[in-house]
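Some notes on the structure that comes next.
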Protein chains: 2
Amino acid sequence: MLPTVCACTKLRRSARAVTAFYDAALEGSGLSTPQFSLLRLLDRSGPCSLTAFAERTGHDRTTISRTIGALREQGLVRAAECGDQRARIVEIAPAGKDAIARCLPAWEAAEHRIDTLLGADRQALFALLDRIEEIRP
Amino acid sequence: MLPTVCACTKLRRSARAVTAFYDAALEGSGLSTPQFSLLRLLDRSGPCSLTAFAERTGHDRTTISRTIGALREQGLVRAAECGDQRARIVEIAPAGKDAIARCLPAWEAAEHRIDTLLGADRQALFALLDRIEEIRP
DNA sequence: ACATGATTCGTGCATATACACGCATGTTCG
DNA sequence: CGAACATGCGTGTATATGCACGAATCATGT
């Protein structure tokens, strides 16, 4: 592996490696890593407009729009009522909770692999990544 | 921002944030963050087959094939001779070195922003990401 | 009420990413 | 030599990502 001196390249490389590992863990579940991740975040977030959910998750609004749209077509996410006709409030559907429950063992097994690699330094990594995310100009 | 307990989600989120910052730094240069990153890696790698370059950079081979193809069309990368007719050996072209020189100030300014955020902990982050990349099954 | 600006969203477009498949070339063994 | 396997690529397909643009809705001031 070529060494990288650049933090951006390094982070993107690590993210690809981790994504591949989690994708393999979700193999056959019908959900991709981003889909499962967003579904779980929506579960914890509660009913939420798309724009607000995008801001809360650090995604582009249109990425959220399309990914949540796919989850909605699968019945994992549903629309909630809202006074503002512009906003599309979404929340997790019962089938979405089932999907999370179904995928969680494999997901947490992957998470456990991370723990094996990092041990107590996991907290340190998260703290460093928190600082990295302050990069927004 | 919703807190994330998952290392995968966290890493991907950080990678998106950093990518956006570097993309902004390269604004108007004609190169994207992945393109500049790969061009620079190829420069340091030296002539290399696509498969070998993919392995060295942690990308899928077909991602390399297409991205390097785009750089080749721009004249930043060129083919080199090789006995094996299957392999496509590529190396950086003079125009590619020029492009790197042209983009480097902006790139290093972004890198400097990382240093501001991380300081001496930069080494620690890289060490943790090295461990993360051992995740491959 | 209405015009103006702000907010919320969807869609078109482009690139990044990676899997599945097939083609061309190279290697090995009988 | 020739068949069978291995290696290196390109392309088709699909999702992820985000920018630019425009449509629909809402809020505000007159």
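Chain letters run A, B, ... following the sequence lines, proteins first, then strands; residues in each count from 1.
- Both B:F21 and B:F36 are part of a single hydrophobic cluster, where members link through side-chain heavy atoms under 4.5 Å apart.
- Counting heavy atoms from C-beta on, the side chains of B:L50 and B:I89 never come closer than 4.5 Å.
- Mapping B:R88 and B:E27 onto DNA chain D by nearest heavy atom places B:R88 closer to the 5' end of the strand.
- Between A:L26 atom CG and D:dA16 atom P the separation is 12 Å, expressed in whole Å.
- In this structure, B:R102 contributes its side chain and B:S29 its backbone to a donor-acceptor pair below 3.5 Å.
- Here the shortest heavy-atom pairing between A:G58 and B:M1 reads N-SD, 3.7 Å.
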Using the 3.5 Å cut-off, write out each protein N or O paired with an N or O of nucleotides 23-26 of chain C and the distance between them.
residue : atom : partner : partner atom : Å
C:dT25  : O2   : B:R86   : NH1          : 3.4
C:dG26  : OP1  : B:Q85   : N            : 2.9
C:dG26  : O4'  : B:R86   : NE           : 3.4

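- In this structure, CZ of A:R13 is placed 12 Å from P of C:dA18, rounded to the nearest angstrom.
- Relative ring orientation between B:W107 and B:Y22 is described as perpendicular, the plane-to-plane angle rising above 60° on a 0-90° scale split at 30° and 60°.
- Distance A:I89 CD1 to C:dT7 P: 16 Å, rounded to the nearest Å.
- In this structure, the side chains of B:E55 and B:R61 stay at 4.5 Å or more apart for every pair of heavy atoms.
- Counting to the nearest Å, the P atom of C:dT17 and the CG atom of A:D23 are 14 Å from each other.
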A:R16 and B:D60: CA distance, side-chain angles, deciding distance, salt bridge (charged side-chain N to carboxylate O under 4.0 Å, His left out) verdict: CA-CA 10 Å; A:R16 284 196 306 275; B:D60 185 83; over 6 Å; no
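- Nearest nucleotide to the side chain of B:S32, out of D:dA16, C:dA16, C:dT8: C:dA16.
- Remark: A:R113 does not engage A:E108 in a salt bridge, criterion side-chain N to carboxylate O under 4.0 Å.
- For the segment residues 40-77 of chain A, residues with any heavy atom less than 4.0 angstrom from an atom of DNA chain D are, sorted by number, A:H59, A:D60, A:T62, A:T63, A:R66.
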